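In what follows, a structure is listed as C-alpha cells, so that the remarks can point back to it.
This structure is a prediction, so every number in the text was calculated from the model and none was measured.
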Number of protein chains: 4
Amino acid sequence: MKPRDENKINEIYKATLNLVKASGLAGITMQMVAKEAGIATGTLYIYFKNKEALINALFDVCIRSSASTFFSNYDPAQPFKIGFHTIWLNIVHRRVTHFNESIFIEQCFHSPFIDEESKVRLRKIFEPLLHLIERGKKEHLIKDIDTTWLLSLMVGAINEIAKRTMYYHIKLTSEILEANFQLCWDGIKA
Amino acid sequence: MKPRDENKINEIYKATLNLVKASGLAGITMQMVAKEAGIATGTLYIYFKNKEALINALFDVCIRSSASTFFSNYDPAQPFKIGFHTIWLNIVHRRVTHFNESIFIEQCFHSPFIDEESKVRLRKIFEPLLHLIERGKKEHLIKDIDTTWLLSLMVGAINEIAKRTMYYHIKLTSEILEANFQLCWDGIKA
Amino acid sequence: MKPRDENKINEIYKATLNLVKASGLAGITMQMVAKEAGIATGTLYIYFKNKEALINALFDVCIRSSASTFFSNYDPAQPFKIGFHTIWLNIVHRRVTHFNESIFIEQCFHSPFIDEESKVRLRKIFEPLLHLIERGKKEHLIKDIDTTWLLSLMVGAINEIAKRTMYYHIKLTSEILEANFQLCWDGIKA
Amino acid sequence: MKPRDENKINEIYKATLNLVKASGLAGITMQMVAKEAGIATGTLYIYFKNKEALINALFDVCIRSSASTFFSNYDPAQPFKIGFHTIWLNIVHRRVTHFNESIFIEQCFHSPFIDEESKVRLRKIFEPLLHLIERGKKEHLIKDIDTTWLLSLMVGAINEIAKRTMYYHIKLTSEILEANFQLCWDGIKA
DNA sequence: GATGAATGAGACTTCATTCAT
DNA sequence: GATGAATGAAGTCTCATTCAT
C-alpha cells in the first residue's frame, strides 16, 4: 500500500488506460493490468488496495492532470475570446493526446466503481471555464442562455472531434482546428 | 406446450439497458439481467446463446430502432433547414427518451463484446443525415468544411445536451430546445 | 411413466445406445436423447422417471436380450464342443451386430448409474455357459483350471474381436470366425 | 514466490483415475477432482486449461507410461517365446497394478474428450508386440493368421483377467499366471 | 518489496426436470 | 399423452485477492 516506486504506479496507470481503451472497463482483469504493466499480479496489491481503489485513484489522476492542462497558458486577464480559444485548444489537445484517458473517464462514469463524489469532482474541473463563459455573457460576446448549453456545444463537439480524429486516424492540422473552433464560436457568439 | 414468448426478449433488453445505465457493462451479470427481467437465469440462454450474443443482439436492436426514429417525418424534398431541424429534434428526443440506449451504445463501443462490423453498422445509420449535410453545403447554406466536423458539432452537442438533461433532471422545454438548435445552426451555417 | 407406446421406448433405447457409442455416457444429455429419438424432452419423462431410470432400464434390456441370443440354438444335450461352438458364435455375432450395446454395458459398469445388483445380474447371464464349461472339464475335454480363467480367454477374446471388427471395419467371413474359434479352442482344450 | 508444484499434477492425475474408476467419466466433476487431489478448484485450472485438457493429458500420460512398462526387460534378441512371455506378463502386471488406468483408457475411448489422434497413438504402443508376433509367424512358432486376431486373443484375455482379478479380489499367484499364459500360448501356437 | 501459485467466491453456462399449453 | 419453454441447481471456469517464498 506504500507507493514506493512512483514510476511503477505510472506503468500501472498506463496499462489500465490502454486496456480500457482496447476492451472497456468490462474487459479488464487485474491479471491483464499486471501483465501489461510488466509486473506480477501480487505487486498490484502493494500499490492499490483493490481493483476499485485502482480505478478510483486513476480516475482521480485523470481528472487532476486533465484539469491542469485545460487551463495552461490561460490568463483570465486576457480578452474573452483569447481565453476561450486557449481553453478550447487545450481541451481538444488533451482529448486527442490522451484519448485513452477520455475513454476511461467516459466508461467510469457509468460503472460500479466510481462514486457520486468523484463525479462531482469531475464536474468541478470545468469551473474556471464556467466562470469565463459567465463573463462572456456579461460582456455580451456570447449568447445569453444557460451556461450548461453553451458548454454542451463546446464540450460535446470537442469530444466528438477527438473520437473522429482517433477512429479515422485524422491528422489535426491547424486549419482543421481553427475551422472547428470557428464552428463552435459561431455557435455561441452573441 | 408454452410458445416462445417474443415479449420476453424485450423484457431482457429492457432489463439489460436499465442495468447498464446503473452500473455499466462492467457491472452487469447474467443473473442480474435475469432477475431484473423477471425470469430464471437458464431462460436467458433459451433466447441468447451467451452473454456476448445478448449484448450484440441488443446493440443491433438499439442501432436499428435509433435509425428508424432519427429520420421519422424527415422529407428530403423539404427545404434544407426544415429537414435538418427535424432530424436534430428527432435525435435529441431519442437520446433523451432512450437515455439507457445511448449509454449502452457508448459503453459497447469500447468493450470486448462488439465487433468491428457492428461499429461500422452504427456509423451507417447517419448516412441520410450525411447526404443532407452535403446538400446543405451545395446550397451554400452551411459552411464548406469536411462533413465530419459539421456532424461533430451537431452530434457531439446533442450527446452532451442529453447527458446534462438526464444528469441534472432538466425538463427540456421547447424554448430550451430551440435555443440549443440555434446554437448548432449558428455554428454550422455559412 | 406408463409405457404406452412400446415403439417409442425402443426409439429412446436406440437413440441412447447410438449416442453412448458416439460420445460415451459422459457425453449424453436428456435433450440429446430426446432429439435423437425424435421426441420432445418432456416426453422422455413420460416413459422414464429420470435419467438414472432410463439408463438402468436400458441396461436391463441389454442384458436380457443379450442373454436370450447367447444361448439360442444351444442344446445342452449335444456334444460339448458343438454347444461351446454355438455359444461362442452367438456371442461374437451379438457383440458385432449390437456393438452399441456392448459399449453401453462396458461404460455403465463404471458409472454412477448402475447399482451392484445390476452388475450381478449381468454376470448371471453367463451361467449356462459356466455350467457347460464345468461339464467340459468333467469330460476332460478342456483344461482343468478355474472356470473364470477359461471364460476370460473366451469372453475377453470375443470382446476384442468385436472391437477390432468394428473399429477397422472388417468383414467377418466364416473363415475368420472359424480361425478365431480355433484360437480359443486350442487355448482351452485339454 | 511459490514455484509450480510439478508433483501436484501427479496428485491431480491420481485423483482423476481414482474417481473415474469409482464412478466413470460421466460421474466426475472438476470439484470432485480438486477435492480428491486436495487442492482448490481454481488451482486445477492453473495446471490444465479445462476439463478436456485434463482428460487428454492424463490419457496421454497413461498411454506413455503403459508403453514403457509393457516392454521392460523385453529383448528382441531373445527367443520368441521368452520375449512373448515377458511382454504378456508385463501387460498383465500393468493392468492389475494400474487398474484405474485401464478403466480410464477404456472409458475415454468412447467419450467426447478424446480425439482420433490420441486413439491412434494408443494403438501405436503395441507396435513392438506386433513385430514380435510377425516374427513368431515367420519362425512358424505361432499360427499363420492375421496378427490382429492373435492380438485379440492375447490382449482380450489379459483385459478380462485383470477385470476378474480386481472385481473378485483374486490374488494372482504365479501358478495362476502361468496357467493363464498357457491358455494364451496354446491358443496362438502353431 | 516482488513474485506468481493458490484460493474460493462468484461469474457464466448447462442440463435434468417440471409445467403450462 | 405430447410438447418444448421455463426453471434453478449444479457444473465449468474466471478472477480478485491472498500468501508462501
Margin query: With rounding to the nearest 0.5 angstrom, report the OG to CG distance, B/S23 to A/L25.
Written below: 12.0 Å
Note to self: Is the distance from the ring center of D/Y13 to that of D/F104 below 6.0 Å?
What the structure shows: no
Checklist line | Whole-Å distance separating the CZ atom of B/F113 from the P atom of E/dA11 | finding: 14 Å
Notebook entry, point to check: For D/I46 and E/dT3, what is the distance between atoms CD1 and P respectively, to the nearest whole Å?
Noted result: 18 Å
Item checked: Any donor-acceptor pair under 3.5 Å from A/T16 side chain to A/I12 backbone -> yes
Note to self: For D/K119, is the NZ atom crowded, meaning more than 12 foreign heavy atoms sit under 6.0 Å from it?
What the structure shows: yes
Notebook entry, point to check: Is the distance from OP1 or OP2 of E/dA6 to the nearest side-chain N or O of D/K8 less than 4.0 Å?
Noted result: yes
Note to self: If I take atom CZ in residue D/F48 and atom P in nucleotide E/dA6, what distance separates them, rounded to the nearest angstrom?
What the structure shows: 12 Å
Item checked: Euclidean distance, atom CG of residue D/L54 to atom P of F/dG11 [Å, nearest integer] -> 16 Å
Next item on the list: Rounded to the nearest angstrom, tell me the gap between atom CG in D/N50 and atom C1' in E/dA11.
Entry: 17 Å
Next item on the list: Take D/E52 and B/L44, find for each the nucleotide of DNA chain F with the closest heavy atom, and name the residue whose nucleotide sits nearer the 5' end.
Entry: B/L44
Next item on the list: Measure the acute angle between the ring planes of D/Y167 and D/F99, then classify it against the limits of 30° and 60° as parallel, tilted or perpendicular.
Entry: perpendicular
Check: In whole Å, what is the span from the OH atom of B/Y47 to the P atom of F/dA5?
Finding: 7 Å
Check: Looking at C/E11 and C/K8, does any basic side-chain N land under 4.0 Å from a carboxylate oxygen?
Finding: no
Notebook entry, point to check: Over how many whole Å does the gap from A/Y45 atom OH to F/dC15 atom P extend?
Noted result: 12 Å
Margin query: Side chains of C/R94 and C/S102 only: does a donor on one sit below 3.5 Å from an acceptor on the other?
Written below: no
Item checked: Side-chain donor-acceptor contact under 3.5 Å, C/R95 with C/S66 -> no
Item checked: 5'-most by nearest nucleotide on DNA chain E - A/G42 or B/K51 -> A/G42
Check: What's the CD-P distance between C/E11 and F/dG1, to the nearest Å?
Finding: 19 Å
Margin query: Once salt bridge (charged side-chain N to carboxylate O under 4.0 Å, His left out) is applied, do any residues pair with B/K163, and if so which ones, sequence neighbours excluded?
Written below: B/E106
Check: Using a heavy-atom distance cut-off of less than 4.0 Å, which residues of residues 23-41 of chain D contact DNA chain E?
Finding: D/I39, D/A40
Checklist line | Bracket string, DNA chain E, 5' to 3' - pairs by Watson-Crick or G-U geometry under 3.5 Å, | interstrand | finding: .||||||||||||||||||||
